[in-house]
Every structure is written in C-alpha cells, then in structure tokens.
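Chain letters run A, B, ... following the sequence lines, proteins first, then strands; residues in each count from 1.
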Number of protein chains: 2
Amino acid sequence: MILSPKIENFVLHCGEMGSRWGFNRTIGQMVGLLVIHEQPLTANEIAESLKISRGNVSMGIKELQSWQLVKVTHIPGDRKEYYAPSGSIWDLANRVFEERRKREIDPTLSLLRDQILDGPNSPEEEYAQKQIQAIHDLLETVTKWSAELQRLSPEQLQTLMKLGSSVGKVIDLKDKLLKKS
Amino acid sequence: MILSPKIENFVLHCGEMGSRWGFNRTIGQMVGLLVIHEQPLTANEIAESLKISRGNVSMGIKELQSWQLVKVTHIPGDRKEYYAPSGSIWDLANRVFEERRKREIDPTLSLLRDQILDGPNSPEEEYAQKQIQAIHDLLETVTKWSAELQRLSPEQLQTLMKLGSSVGKVIDLKDKLLKKS
DNA sequence: TTAAAGTTTCAATAATTACTGAAACTTTAG
DNA sequence: CTAAAGTTTCAGTAATTATTGAAACTTTAA
C-alpha cells in the first residue's frame with residue numbers, strides 16, 4: 001500500500017485541511033485516502049498507508065461513522081471489514097455540512113430561543129435583546145435554507161448551481177412580476 | 001464591568017462555540033461581549049469582564065482585526081482605544097463566512113487545480129483524477145456562490161431569504177421566466 | 001470449544017494550542 | 001525631553017487534544 005507521489009500529496013493535504021473541516025489531521029487523511037481509492041480498504045491498509053497506529057484508525061473510523069462518511073463492505077470469504085466513502089463527493093460534502101450545522105448552529109439557536117423567551121431583565125438588556133434576536137433570526141434562516149438544499153432533487157440542484165452569477169437577475173425579475181400581478 | 005447573568009451566559013456560550021466558529025474560546029467570548037454591549041469597550045474593560053489577562057486581549061484583538069470583525073473608536077479627550085463590532089450581525093456573519101472560505105476552501109482549490117493540470121500519471125490514477133475533478137468542481141461552485149451572495153443588495157438578499165422554504169420555487173421561477181422571453 | 005483473526009478500548013504520553021505576566025515598546029501631554 | 005498612560009510582544013507554562021500500543025474483547029472456522 002505505497003501511495004504514488006500525487007496521491008500522497010492529496011492525502012497529506014486533506015490531513016492539513018482536516019482540522020479546518022471539523023475533524024483532526026488523521027481523520028482528514030483517512031477521508032482523503034478513501035475518496036481517492038477506487039477499492040475499499042481494510043483498517044490495516046489504512047494504518048499502513050498513513051503510517052499511523054491500528055488503534056488510531058479504529059477511533060478514526062468510529063468518528064467517520066458518526067459523521068456518516070464511511071460505509072463498511074465485506075468481500076465474500078474474507079473476514080476483514082473493508083471501508084469506503086458512503087457516497088459521492090456531493091453526498092459527503094452534504095453530510096459534513098449538515099453535521100457542522102448541528103454542531104455549530106443548533107446549540108446556539110437553542111440557547112438564544114431560551115434567552116428570547118426570558119425577555120430583557122433590565123433597561124441595559126434592551127439592546128442585548130435586540131442583538132440576540134438578530135443573531136437568532138440569522139441562524140434560523142441559515143438552518144431553513146440548509147434543510148431546503150437537502151430536499152432538492154439532483155436535477156434541481158444542478159439547475160440552482162448553474163444559476164450562479166444570475167441569482168440577482170432572477171430575483172429582480174420576480175419582483176417585477178409581482179408588481180404586475 | 002460586571003455582567004448580568006443573562007449576558008454572562010450569552011458570552012460564555014459564545015466562548016464555547018468560538019472554537020467551532022474558527023477562533024478560540026477567548027476570542028469567541030470577546031466577540032460575544034462586543035456584540036451584546038451597545039457601547040464600545042476598552043481592552044481593559046474586556047480583560048476585566050472576561051477575567052483574562054491584558055496580553056490575551058491584545059492578541060485577541062489583533063486576531064479579530066485580521067478577521068475584520070472589530071473597529072477601533074476614540075472618545076475625544078480620552079487616549080484609550082475603544083473597540084466595537086465592525087458592523088451589523090449580518091456583516092459579521094458575512095465576514096466570518098468569507099474568511100472561513102479563504103481558509104477552508106481556497107488552499108484546497110489551488111492544490112487541486114495543480115493536480116488536474118498534472119493529469120493522471122498512471123492507470124491507477126485515472127479514478128483519482130476523476131475524484132479530484134469532482135471535488136474541484138464542487139468547491140468552485142461553492143466559491144462562486146459565496147461571491148455572488150456578497151454581491152447581492154440587502155433588498156435582494158431579503159427577498160432571497162424570505163423565499164426560504166422553497167428554493168425549488170426559485171428554480172421554477174427561472175424556468176417560467178426563460179420560457180416567456 | 002478453542003485458537004486464530006480481527007476489532008476496540010483506554011491509560012500513558014506526545015504534540016499542539018492557548019494564556020499569563022513581565023518587559024519592551026509607543027504615544028502624547030506638559 | 002521625560003514621565004505617565006497606554007499597547008504589544010513573547011518566553012514560559014498551563015490546558016487541551018491527538019496518538020500509540022498493549023490488553024481486552026468479539027467473531028468465526030474447524
């Protein structure tokens with residue numbers, strides 16, 4: 001399981017980015033490796049390729065499973081478990097995005113809701129309350145949007161993606177139409 | 001500079017979330033504090049409120065400035081510097097989003113571009129190449145979209161946001177408009 | 001039922017990242 | 001020019017997070 005320079009490069013880069021994407025270096029490398037390899041890999045192959053301990057791989061896989069990024073497969077007559085990405089690049093990105101939303105937004109949203117219900121407890125808290133409300137609204141919008149994106153069909157997504165630099169135009173057109181009716 | 005329980009709660013929470021949002025606990029607390037307080041604060045007030053060292057505040061401010069999240073103001077006849085958020089909640093969120101794009105996406109995009117130019121160096125790299133291309137395309141789309149969002153006017157954004165639970169409608173809308181013209 | 005193949009767990013330790021506080025630096029009023 | 005007010009830097013240390021490797025656990029073929 002020796003990696004070609006190009007692939008090694010890619011895998012190492014995934015490691016460096018790993019921590020920015022929400023996991024650690026090792027796990028970043030694992031994702032990179034699994035994504036770039038057509039065939040599923042065993043835990044031992046992963047450990048060997050990345051030069052890390054077997055235990056570390058085991059913990060990494062557990063973490064990746066909690067993110068729903070890997071699936072386990074078996075080869076008939078072989079007792080080992082083989083690991084592969086749980087879907088297309090798009091699927092994986094979606095999962096990461098979703099998981100991060102849960103970790104980065106949901107807890108805050110929940111706290112802010114409580115704080116809003118509580119209301120301002122003193123004149124100085126008036127301004128605080130307004131800001132809390134603003135953050136809450138922003139986060140709620142983001143949440144709704146991300147849920148919406150998950151729901152779109154691949155074709156709709158395709159269209160939306162291509163829309164790119166002309167979202168603005170579509171919106172303007174919509175406004176005009178509304179005024180007419 | 002003693003904080004009311006509610007505000008302290010909010011600030012502490014921002015600290016916990018800080019690391020998830022791309023900075024560390026202290027810096028998260030600083031953002032929270034600045035956002036929730038109507039009046040700009042001095043570095044000493046921040047240190048006192050959060051019970052952290054003066055040096056830490058100084059480093060935190062430097063970091064926040066690199067994210068363009070704070071602005072410095074002065075009070076006539078007072079030599080101290082007063083710090084405040086650099087804009088509305090929406091502005092701040094935008095900046096964080098933008099900065100994270102730079103850190104989380106741009107370096108990868110750049111590497112992948114190089115790797116694509118390099119082409120597959122062996123038959124086994126065929127598949128790798130395809131995957132690299134797929135990741136590249138995904139990241140490029142995200143980048144384009146985020147640039148587009150920055151460019152929209154607040155009103156356009158407002159419209160887009162309210163469209164909310166029905167992005168699908170935007171697509172339908174687009175199709176209808178195209179047919180008419 | 002057992003031993004071989006495989007996997008997971010976790011205490012110890014390594015690596016990384018954040019924080020303090022004292023010293024050095026900068027600015028300005030007198 | 002100088003001293004007071006303010007700010008930044010950074011070496012040392014504390015706190016956190018990641019990794020190893022050996023022991024414990026699980027599964028299955030014979």
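Between Lys130(A) and Glu126(A), no side-chain nitrogen of the basic residue sits less than 4.0 Å from a carboxylate oxygen of the acidic one, so the salt-bridge criterion is not met. Salt bridge annotation for Arg100(A)-Glu104(B): present, with a cationic side-chain nitrogen under 4.0 angstrom from a carboxylate oxygen. A salt bridge does not link Glu48(A) with Arg54(A): every distance from a Lys NZ or Arg NE/NH1/NH2 to an Asp or Glu carboxylate oxygen is 4.0 Å or more.
Partner of Pro40(B) under the side-chain contact (heavy atoms from CB on, under 4.5 Å) criterion, out of Leu34(B), Val70(B), Thr73(B): Thr73(B) alone.
The ring pair (Phe, Tyr, Trp, His ring centres under 6.0 Å) contacts involving residues 83-113 of chain A comprise nothing, where partners must be two or more places apart or lie in separate chains.
Between the P atom of dT28(D) and the NZ atom of Lys80(A) lies a distance of 14 Å, rounded to the nearest Å. Taking atom CG on Leu64(A) and atom P on dA18(D), their separation rounds to 13 Å, with Å as the unit. When the C1' atom of dT17(C) is taken as reference, atom CD of Glu63(B) falls 12 Å away, rounded to whole Å. Atom CG in Asp78(B) sits roughly 14 Å away from atom C1' in dT7(D) (whole-Å rounding). Per the geometry, CG belonging to Asn44(A) stands 13 Å off C1' belonging to dT8(C), to the nearest Å. For the pair Glu45(A) CD and dG6(C) P, the interatomic distance rounds to 11 Å; values are reported in whole Å. When rounded to the nearest whole Å, the span between CZ of Phe23(B) and C1' of dT17(C) equals 16 Å. Atom P of nucleotide dT20(D) and atom CD1 of Ile46(A) are separated by 14 Å, given to the nearest angstrom.
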Next on the checklist: Using a 4.0 Å heavy-atom cut-off to protein, can you give one letter per nucleotide of nucleotides 19-30 of chain C, 5' to 3': B if the base is in contact, S if only the sugar-phosphate is, - if neither?
Outcome noted: SBB-----BS--
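Looking at residues two or more places apart in sequence or on another chain, you find a side chain to side chain donor-acceptor pair (under 3.5 Å) between Asp106(B) and Arg101(B).
Comparing Ser19(A) and Lys62(A) against DNA chain C, the residue whose closest nucleotide sits nearer the 5' end is Lys62(A).
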